[in-house]
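Report on the following structure.
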Amino acid sequence: MKMKFLLILLLSFCFESVSSHFDPYGTLGVKRGATLQEIRKAYKLLAKEWHPDKSNNPSAQEEFVEINRAYELLRDPERRKLYDNRGISEDTPNFRPPRPEAYAYSTFDPFDDLSSVFGKGFRFQFHMPDSGLFHEQTITLKGYEKNVLPASARTPQLILTYSDWCMGCVRAAPMWKRLGEEMNPVGISMSTVHAGREPKLARNFGARTDSLPHLVLLMDGRIYQYRDETLSVINIIRFIREKFGTQLIPRVDDSNYEDFLNGWRDNRVRVLITGKAEVLRLRYLALAYQYRRFAAFGYARLIEGETTQIQDRYNIPSTMDSMFVFREEVDTPAAKLSMPDLPFSVMTDVLEANKYLLLPRISSQKILDELCPLDSSRVRRRLCVMLVAEEEDEDAQESLRKYAKVYRGPGKDRVGFVYVSKKGQQAFVQALIEADESMVKNPDRRLVIIWRRNLSSVSFLWIPGTWKRDEESENDGFAEDILPPWNSSQYELTAALKRLFSDDGNLPNETTMKELVDENAAGLLQRIYNRILILLESIKDRIRKEDLLAAVSVIATIVFIMAVAYVMAYLVSLEEETIQAKRSKATSPSSNSCASTASTATLQLKMHELRGETYNGMVRLLKPGCRTIVLLLDKETKAKILPVFHRIVWPYRKNKTLMFGWMYVERGLDWYKQLLSLALPLWEGNPDPQQLESINPMQFLGLMDSSCCGSGFPSQRGRARERSCLYQSRPLSTYIHPNIKVLFFLYGQTIR
């Protein structure tokens, strides 16, 4: 009775645990083999039904949470596979994600004995000090691909791979916390990856279970491996400085500062940083990396005699760090900032407000999107005044630059001034010309006002006439008080902007715009070269010292195999050339040597001489069903007969039941005479014994092509033919050997 009670109690406990188990398929109402599209469709229907804002059911909140929980599990292939195979999820008690090596072999759990003593639910919980920081910064593969990887184009990313059972990670936790206090104020992000939960991402970083913790630096999508044996704040900062390089912020002094400031024609502003420190601060390097597309940075160390002219010209304080932002004007900086300790956030705010020139060049689609953004609202629309000119036409650019600097007319905050190269963006300019029938074919030094309503549609208006330089000013007396006396083209521009920003102003023309060409993009050869450099650096970073010997061994093996293959191919080609030369020499009309022809035929098909040494192999030891065809000749007829015989039997060279040979009658005369004496009775019935004794075998070689297949043997008086007879082999096997069937060709001395 007691046993029955315990059994019923155990069954009820199991039933309760099974019934309370989370079932994502049942929650969404889909089958276990449902596709991702079916799961997404079911989720959308249930989410609309059980959304707390749309449903009055008291349990709507709980149902909505369960629906989202089921959808998040089934949409992830790895989590879904884990649930399908093992029936567990992250919410399962005592959940431990499988390690990669668990699929290859069974792992050892040191606490199995304790589990047997204290029960299956016992687990030794190991907590690292400061491990909460690791878990707070943990990223997944999706988060890495969606957020971290794109952000690395502007912000360097430090990523540490760790695991729970890692004593090195325990020792690195306090250091990682101090490093975060140093990196966060200077614009360098930090994150962590759990090697057990994200094995694919950990392998992508080159992390191994025996080398944790593993640190990498992610910059512009490229992964740099930290190879120092010691993880310390100083070593990591030195590692980051090395990856930034020395070209990011070059040194500037009195001898080269004017060339540096006048280099704005590369379409970037100039940022000059000054200070007393010999080593650049990490925040300056991070700032230069973030704004490298918009600004060129330079550092001037304030030393008497080297930067005296810079200090006097721009009134730089020697006791503080300073940052100057220059546009096209070298004499006057567009922004100035001087503080004992320049905060990173303040420097980014200053650069965000001054990261473009007064008249920037539209050199790519990204710059167009930033300077002429999309705005579908007609009331708040943003306009761009675009000058179509060549890069060498600096006069027209300077004239429009001065106009943009002093413009105070309507919509000042909603109009931008840019210029575009006629050759660099030929397709874009041509589309604007073709959409306006009144426009002349040559748009050089013409102004166009554009409004980007969406990604593909552009409304625009061409300003009449060409844009005139300042020396062409006419001072016609029609300029307004808001502007100095401009020439006629500048007046037309001012009037057009005033009309467009009024209520009834519109842009009459519209066209479809294609994506602009990136003028600064590298060429094909340069991209290939850069890819090769990236690949070599990646290989260098990923190969450790202990792997170097194995890598060298593999490379040496591949090189050796290729070298042997090359030598073998060369030898084969050399042999083929030799054989081909011999063939061409043998078949050439000028070569009438029968000996050379015979040797060539011998090379093409193996034919052995029948004699005492080869008799067993060619006659006695033949397998059932096999035949040996022997050509009988003498030394005088060999050179003529053997090539003809070779040509006749050449089509049968692949037949495995046939063997071809030849025999000198002089050497096997007795044996040949015995064969004839055995064969003649079969041909002529019962010949006279005296006739058999009077047989001269050499006389048979004089016969030419006597056909004797099944007929009587030819007489010596009679019929001289060109070729020998073909003799049946079946009767001869009766007299010679039961396993031997020999077929003879008897050739004469001459061949017509």
Query - Approximate separation, where rounding is to 0.5 Å, of Lys200 NZ and Glu198 CD - result: 10.0 Å

Requested in this report: Would you give the length of the straight line joining atom OG of Ser363 to atom CD of Gln425, rounded to the nearest 0.5 angstrom?
Outcome: 7.5 Å

Query raised in the report: Atom CZ in Arg293, atom CZ in Arg268: separation rounded to 0.5 Å?
Result: 11.0 Å

Query raised in the report: Any sub-3.5 Å donor-acceptor pair from Asn267's side-chain atoms to Arg361's backbone N or O?
Result: yes

Report task. Take Trp50 and Ile67 through the test side chain to side chain contact (heavy atoms under 4.5 Å, CB included) and record every step on the way to the result. Result -> CA-CA 9 Å; Trp50 291 98; Ile67 292 170; 3.7 Å; yes

Report task. For residues Phe205 and Tyr144, establish whether the separation of their ring centroids is below 6.0 Å. Result -> yes

Query raised in the report: Does the side chain of Thr138 come under 3.5 Å of the side chain of Thr192 through a donor N or O and an acceptor N or O?
Result: yes

Requested in this report: Determine, stepwise, if the pair Leu374 / Trp451 fulfils side chain to side chain contact (heavy atoms under 4.5 Å, CB included).
Outcome: CA-CA 8 Å; Leu374 301 176; Trp451 170 32; over 6 Å; no

Report summary line: Shortest non-hydrogen pair, Leu36 vs Leu74, comes out as CD1-O, 4.5 Å

Query - Point-to-point distance, once rounded to the nearest 0.5 Å, from CG of Leu432 to CD1 of Ile450 - result: 7.0 Å

Query raised in the report: Donor-acceptor pair, Glu38 side chain versus Thr35 backbone, under 3.5 Å?
Result: yes

Report task. Take the angle between the ring planes of Tyr71 and Tyr43 and call it parallel below 30°, perpendicular above 60°, tilted in between. Result -> parallel

Report task. Quick one: pull up CE in Met175 and OG in Ser232 and give me the separation to the nearest 0.5 Å. Result -> 7.5 Å

Query - For the student: nearest non-hydrogen atoms of Thr511 and Ala431, plus distance - result: OG1-O, 3.7 Å

Query raised in the report: Any luck finding a side-chain donor-acceptor pair between Trp176 and Gln137 under 3.5 Å?
Result: yes

Query - Sidechain-backbone polar pair: Gln225 side chain, Leu215 backbone, donor-acceptor under 3.5 Å - result: no

**Report entry** Member of Thr155, Ile159, Thr140 meeting the side chain to side chain contact (heavy atoms under 4.5 Å, CB included) criterion with Val148
**Finding:** Ile159

Query raised in the report: Would you say Arg292's side chain and Tyr289's backbone share a donor-acceptor pair under 3.5 angstrom?
Result: yes

Report task. Kindly give the heavy-atom pair with the smallest separation between Pro174 and Val170, and that separation in Å. Result -> CD-O, 3.5 Å

Query - Neighbour count above 12 (heavy atom, 6.0 Å) for Lys41 NZ - result: no

Query raised in the report: Counting distance only, does the side-chain N/O of Ser189 pair as donor-acceptor with the main-chain N or O of Gln157 below 3.5 Å?
Result: no

Report task. Check whether NZ of the Lys or CZ of the Arg Arg69 lies under 6.0 Å from the centre of the six-membered ring of Phe64 and within 45 degrees of that ring's axis. Result -> no

Query raised in the report: Do Lys243 and Leu285 pass the side chain to side chain contact (heavy atoms under 4.5 Å, CB included) test, and can you show the C-alpha distance, the side-chain angles, and the key distance before you say yes or no?
Result: CA-CA 10 Å; Lys243 298 309 175 184; Leu285 294 171; over 6 Å; no

Query raised in the report: Nearest 0.5 Å, what's the CZ-CD1 distance between Arg241 and Ile236?
Result: 14.0 Å

Query raised in the report: Does a donor on one side chain and an acceptor on the other come within less than 3.5 Å for Glu72 and Asn68?
Result: no

Report task. Say whether Gln290 and Thr348, considering side chains only, have a donor N or O and an acceptor N or O under 3.5 Å apart. Result -> no

Query raised in the report: Nearest heavy-atom pair of Gly424 and Val517: which atoms, and what distance?
Result: O-CB, 4.2 Å

Query raised in the report: Would the number of heavy atoms belonging to other residues, nucleotides or ligands and lying under 6.0 Å from CD of Gln426 be above 12?
Result: no

Requested in this report: Might you work through the side chain to side chain contact (heavy atoms under 4.5 Å, CB included) test for Leu160 and Phe134, ending with a clear yes or no?
Outcome: CA-CA 9 Å; Leu160 181 73; Phe134 283 169; 3.7 Å; yes

Requested in this report: Taking all non-hydrogen atoms of both residues into account, name the closest pair between Leu231 and Ala172 and its distance.
Outcome: CD1-CB, 4.2 Å

Report task. Say whether Arg32 and Tyr83, considering side chains only, have a donor N or O and an acceptor N or O under 3.5 Å apart. Result -> no

Query raised in the report: Just by distance, with hydrogens left out, do Tyr224 and Glu242 show a side-chain donor and acceptor under 3.5 Å apart?
Result: no

Query raised in the report: Below 6.0 angstrom between ring centroids: does that apply to Tyr162 and His194?
Result: yes

Query raised in the report: Which heavy atom of Ala435 sits nearest a heavy atom of Glu510, and at what distance?
Result: CB-O, 3.9 Å

Query raised in the report: Does any N or O in the side chain of Ser457 come within less than 3.5 Å of the main-chain N or O of Arg453, such that one atom is a donor and the other an acceptor?
Result: no

